[in-house]
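What follows is a short report on a single structure.
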Amino acid sequence: MDKAFDPASFEEKWQRWWAEQEIFVARNGPRDEAYCIMIPPPNVTGVLHIGHALQSTIQDLLTRWQRMHGRNALWLPGTDHAGIATQLMVERQVAEEGGDRRAMGREAFLERVWEWTHRHHGNIRQQLDKLGASCDWSRERFTLDEELSRAVTCAFVRLYRDGLIYRGEYMVNWSPGLDTALSDLEVEMKEVRGKLYRIAYPVADSDERIEVATTRPETMLGDTAVAYHPDDERYRRLAGCSAVLPLIGRRLPFVADEAVDPEFGTGLVKVTPAHDPTDFEIGRRHDLPSVQVIDRRGRMTGEAGEPFAGLDREQARARVVEELERQGALVAVEEYVHNVGHCQRSGVPIEPLLSTQWFCDVSGMAERARMAVAEGELRLVPESWGKTWEHWLANIRPWCISRQLWWGHRIPAWYTADGDCFVAESFDQAVAAAGTRELTQDADVLDTWFSSGLWPFSTLGWPDETADLATFYPTDVLVTAFDILFFWVARMVMMGLHFTDRPPFHTVHLTGLVRDAQGQKMSKTRGNTVDPLELVDEYGADALRFTLAALDTPGRDIPLDPERMAGYRAFGNKIWNATRFALSRTAGAEVTPELDPAGLADPERWILSRFARAAADVDRRLGEYRFDQACERLYHFFWGDLCDWYIELSKPVLLGDADRPRVAEVLLTVLEASLRLLHPVMPFLTEELWQRLPGRQRVHPLSIALAPYPEPVDGWLDDGVERRMQALTEVVTRVRALRADLGLPPRERPRLYLDSDDPALLDWLLEHRALLAFLGRLSEVVAEPAPEGASRDAAGGVRLGLEVAERELTAAERERLASELAGVRQQIGRLEQLLANPQFVGKAPPEVVARNRERLAELESRRADLESGAGG
RNA sequence: GGGAGGUUAGCUCAGCGGUUAGAGCACCUGCCUUACACGCAGGGGGUCGUGGGUUCGAAUCCCUCACCUCCCACCA
């Protein structure tokens with residue numbers, strides 16, 4: 001074995017081998033043996049970023065853990081067609097070649113996208129492979145696969161027949177940048193420094209002028225009313241009157257509407273039903289006409305009249321202001337900071353537009369989704385997301401699901417020449433329903449998230465009743481970042497409840513966002529993004545995985561620090577070298593899974609007990625989705641208990657002439673079990689090392705990935721041994737500290753004096769004098785009070801003295817003793833006060849009182865030592 | 001305007017009612033001790049954001065304030 005571990009030398013080998021052995025291929029079988037996680041499908045032409053690496057690590061960790069627990073574990077991989085993102089990418093390409101998608105035509109363009117998709121498909125798998133993902137690639141899915149598309153059509157048709165999908169003209173969020181309608185979620189509110197214009201409108205047949213305020217003067221061209229609040233005394237008199245729209249001359253009726261805030265401005269609002277959501281509602285309530293003055297590309301229409309028609313909305317704004325000013329209708333212009341909706345993808349301001357679109361009425365589904373969390377049928381981890389979930393679902397509005405794009409699932413609706421609409425699963429069925437073949441299919445495609453919402457069951461064969469669906473649905477855990485909680489998670493839950501009557505998973509684990517080492521958000525403009533594959537090359541996949549898992553504290557973002565990752569790479573090296581030591585010093589011994597502690601010496605019983613405890617803790621913490629705590633426990637058990645102590649304790653036997661029963665066997669056995677405990681987090685390294693252990697076949701004939709996850713072994717737990725061994729390690733640590741204070745060179749081997757009020761403990765320590773001598777580099781250990789001149793201390797319930805040559809106390813020693821005495825006195829004072837307090841003694845639990853009494857006794861004994869001039 | 005989270009060692013974070021508040025990295029001292037210098041041993045370092053309250057006991061529970069993050073929201 002090489003002296004240092006080199007992840008690059010074996011990671012690829014094992015990923016290939018796992019695939020060849022079909023270790024991650026799940027089978028059909030009983031529902032209760034199955035465990036299933038669906039990957040949040042990344043963009044098919046995309047590249048995995050560090051957030052994907054985090055989520056993949058968690059998903060893989062869970063899947064491997066459950067697989068080792070004997071579950072029929074399926075982690076189903078796949079990709080998303082990502083409508084807008086992919087179409088934009090290819091459009092940009094076409095544009096670079098001087099082309100244009102409209103000029104190309106729908107079919108030619110789609111061919112181009114498919115080509116692009118096929119070329120990039122495979123990237124994602126390669127990347128997941130490098131991370132060690134244990135996906136079942138035989139079940140890989142793509143949202144535009146024939147079967148998944150069939151599921152989408154079926155879902156659409158069913159919702160339509162249930163009356164939950166409908167087509168109609170409503171106010172939508174229109175993106176002039178993308179030339180399509182968007183859902184509310186795709187609109188990003190941004191604070192914008194703009195202007196508030198106050199405009200005077202004359203009251204018809206009077207000399208009076210009223211004043212309205214707007215941030216968008218160009219929309220006045222489409223005004224069809226002026227509104228005030230029904231309770232507003234100031235304007236009731238205007239009922240039945242009209243205002244005259246400047247520049248246009250149209251008469252605008254005054255209407256009273258609750259939506260108006262009388263406190264804002266003058267309490268009068270211009271109403272533009274075609275270009276503002278609130279105004280649209282007011283228009284509906286008062287039966288006002290709509291005048292559309294802005295078109296889909298953000299330009300003024302003919303209705304805007306001369307000289308505005310044809311101008312861009314920004315230009316028109318300036319022009320309108322200019323005209324108003326000229327006519328003396330502009331009363332004031334104020335600086336104004338307000339929120340404006342922007343298109344998440346193209347960045348341009350959203351234009352609220354009246355448009356005919358397909359909508360999904362999700363109110364009923366949303367209520368069920370809300371209840372699922374409220375009643376505990378669906379669990380959010382961390383739970384703090386519950387309120388956000390509740391609030392969003394309680395205030396949900398119809399979902400605009402049609403997009404004026406080409407890349408996606410075409411809406412299964414056909415129109416006759418007369419405009420009659422037939423929604424059907426296929427053209428033929430539409431023909432059958434319509435009674436004519438003269439049908440035109442709806443040009444639009446569905447919101448990408450519509451198909452994503454079906455992902456947990458469409459990937460398993462729904463709407464057919466497949467064996468996969470029976471085995472794996474509902475799935476178990478969904479792991480994703482909180483930023484798509486509504487886009488995706490909520491919609492999956494709504495769709496799952498609607499179509500399958502069950503939530504598609506019982507738990508949602510929401511991870512934080514990966515940030516840089518300073519806690520800054522990663523972004524291309526900041527230039528602080530990291531490529532997970534580069535990290536794999538530099539630190540190894542296992543170190544990256546361990547780092548991500550260890551930092552995944554619930555509800556917190558993850559500051560990814562390269563130095564920390566280097567620390568976990570060092571941990572990998574530690575594991576490597578511990579194994580190297582074990583293999584080189586245990587010739588002839590084998591892993592013995594059912595090891596019985598009877599007949600073993602205390603160090604062996606100790607490490608078995610420590611292992612059993614660690615195994616129980618790690619397993620429990622994984623079950624609580626506390627990957628951070630599980631990792632910390634793994635790290636400290638392996639490095640601290642196993643390497644720092646047990647391997648050292650084994651050396652007198654394995655390297656020297658000491659004799660204790662079955663030490664080699666214990667070391668190999670604990671090492672083997674530890675590798676299994678680590679495997680879900682560090683799959684490559686543990687497989688590489690595990691395969692070298694003699695006797696591993698007794699645990700599993702093929703792979704550590706299929707070996708059982710360590711179960712806590714009650715027979716290995718031993719409190720008594722752990723207590724005694726703790727005294728031993730504490731004594732050793734004190735001895736080493738004394739040596740450091742005294743500046744003793746490593747070669748020097750002083751004698752150690754031990755003395756204790758606990759004769760049993762003292763006897764036991766004496767029995768292990770050889771170990772104490774080895775670990776503390778001592779010449780001998782005797783059970784006598786330390787003589788004059790010895791350097792003294794206390795630890796683990798014993799007084800100890802180190803015999804050193806005639807000398808003065810070193811300054812360091814004197815300082816340490818003085819500060820210790822001061823500390824001891826202070827604590828004694830505190831404890832005496834505490835124990836003298838009848839409230840404490842009366843009310844605190846007896847064991848807490850007892851513990852403090854013991855502590856006080858120890859401190860008093862230590863104080864006596866120190867005061868009697870310990871150290872000579 | 002609502003809501004969530006944060007403020008603990010130089011940095012990034014654990015701990016969330018009971019002895020002397022922890023980790024990783026960084027720092028200091030001494031060591032290449034035949035598994036590992038990606039290492040070993042020892043060590044320094046914190047009025048746990050502010051002010052109050054509950055309690056025998058608070059970093060931990062409650063309230064106030066301050067400062068940061070983020071999400072949601074049709075006030076023109």
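Side chains are part of it too, since the values below use all heavy atoms of this structure and drop only hydrogens, waters and symmetry mates. The chains referred to below are lettered A, B, ... by the order of the sequence lines, with proteins before strands, and numbering in each begins at 1.
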Given Watson-Crick and G-U pairs under 3.5 Å, RNA chain B in dot-bracket ([ ] crossing, | other strand) is (((((((..((((....[...)))).(((((.......))))).....(.(((..]....))).))))))))....

With respect to the phosphate group of C40(B), does any side-chain polar atom (N or O) of Lys574(A) fall under 4.0 Å of OP1 or OP2?
yes

Is a donor from one side chain sitting under 3.5 angstrom from an acceptor on the other, for Asp542(A) and Tyr568(A)?
no

Measure CG/Asn577(A) against P/C38(B) and give the value in whole Å, please.
11 Å

Is any side-chain N or O of Lys3(A) closer than 4.0 Å to OP1 or OP2 of C38(B)?
no

Does Trp392(A) place a side-chain N or O at less than 4.0 Å from the phosphate oxygens OP1/OP2 of A4(B)?
no

Measure CZ/Arg556(A) against P/A4(B) and give the value in whole Å, please.
18 Å

Atom P, compared across A9(B) and G49(B): separation rounded to whole Å:
8 Å

Considering only heavy side-chain atoms of Ala844(A), the closest of C13(B), A35(B), G18(B) is G18(B)

Checking contacts here: which listed nucleotide (G18(B), C72(B), A23(B)) is nearest the side-chain heavy atoms of Arg851(A)?
G18(B)

Roughly how many Å is it from CZ in Phe571(A) to P in C25(B), rounded to a whole number?
12 Å

Non-neighbouring partners of Thr480(A) that pass side-chain hydrogen bond (donor to acceptor under 3.5 Å, both in side chains), sequence neighbours left out
none

Can you identify which nucleotide, out of G43(B), C36(B), A41(B), has its nearest atom closest to the Ala737(A) side chain?
G43(B)

Would Glu334(A) and Arg198(A) pass as an ion pair if we require N to O under 4.0 Å?
yes

Is there a side-chain polar atom (N or O) of Lys651(A) under 4.0 Å from OP1 or OP2 of A35(B)?
yes

Could you tell me whether Glu730(A) and Arg734(A) make a salt bridge, using a distance below 4.0 angstrom between a side-chain N and a carboxylate O?
no

Salt-bridge present (Arg569(A), Glu563(A); N to O < 4.0 Å)
no

No-hydrogen, no-angle side-chain donor-acceptor test under 3.5 Å, Glu186(A) and Ser183(A):
yes

When rounded to the nearest Å, what value does the distance between C1' atoms of U8(B) and G22(B) take?
10 Å

Minimum-distance nucleotide (side-chain atoms of Arg626(A) versus G15(B), U33(B), A35(B))
G15(B)

Classify Tyr336(A) by what it touches in the nucleic acid, base, sugar-phosphate, or nothing, heavy-atom distance under 4.0 Å.
sugar-phosphate

Using a 4.0 Å heavy-atom cut-off across all strands, classify Arg830(A) as base, sugar-phosphate, or nothing.
sugar-phosphate

Sugar-phosphate, base or nothing in reach of Glu648(A), heavy atoms under 4.0 Å
base

Looking only at atom P, what distance separates A58(B) and U19(B), rounded to whole Å?
12 Å

CG of Leu560(A) versus P of G24(B): gap in Å, rounded?
18 Å

Nearest to the side chain of His636(A), heavy atoms from C-beta on, is which of G24(B), G39(B), A35(B)?
G24(B)

Among A26(B), G43(B), G42(B), which nucleotide has an atom closest to any side-chain atom of Arg734(A)?
G43(B)

Separation of C70(B) atom P from Asp557(A) atom CG, nearest Å, is 10 Å

Sugar-phosphate, base or nothing in reach of Arg569(A), heavy atoms under 4.0 Å
base

For Tyr228(A), does its backbone N or O pair with a side-chain atom of Asp232(A) as donor and acceptor, under 3.5 Å?
no

Separation of A35(B) P from Phe581(A) CZ (nearest whole Å):
6 Å

Residue Glu632(A), side-chain atoms from C-beta onward, closest of A14(B), A35(B), G42(B):
A14(B)

Which nucleotide in A41(B), U12(B), A35(B) has an atom nearest any side-chain atom of Cys643(A)
A35(B)

What nucleotide, of C74(B), U69(B), A35(B), holds the atom closest to the side chain of Arg515(A)?
U69(B)

Measuring only the P atom in each nucleotide, how far is C71(B) from G51(B)? A whole number of Å is fine.
32 Å

Kindly point out which of C74(B), C70(B), A41(B) is positioned nearest to the side chain of Asp644(A)?
A41(B)

When you check the phosphate oxygens OP1 and OP2 of G3(B), does a side-chain N or O of Lys387(A) lie under 4.0 Å from one of them?
no

Distance check, C1' atoms only: C48(B) and G6(B), in whole angstrom units.
14 Å

Donor-acceptor pair, distance only, cut-off 3.5 Å: does the side chain of Asp276(A) make one with the backbone of Thr272(A)?
no

Determine the interatomic distance between C1' on G17(B) and the same-named atom on U55(B); round to the nearest Å.
9 Å

Please list all pairs meeting salt bridge (charged side-chain N to carboxylate O under 4.0 Å, His left out) that have one or both residues in residues 630-657 of chain A, counting only residues at least two apart or in different chains.
Arg610(A)-Asp641(A), Asp617(A)-Arg633(A), Glu648(A)-Lys651(A)

Taking CG from Leu802(A) and P from G42(B), how many angstroms apart are they, rounded to a whole number?
14 Å

Test: Arg491(A) cationic atom under 6.0 Å from Trp399(A) six-membered ring centre, within 45° of axis
yes

When the C1' atoms of G46(B) and U12(B) are considered, how many whole Å apart are they?
15 Å

Is any side-chain N or O of Arg585(A) closer than 4.0 Å to OP1 or OP2 of A35(B)?
yes

Sugar-phosphate, base or nothing in reach of Glu563(A), heavy atoms under 4.0 Å:
sugar-phosphate

Value in whole Å for how far the P atom of C11(B) lies from CG of Leu551(A)
17 Å

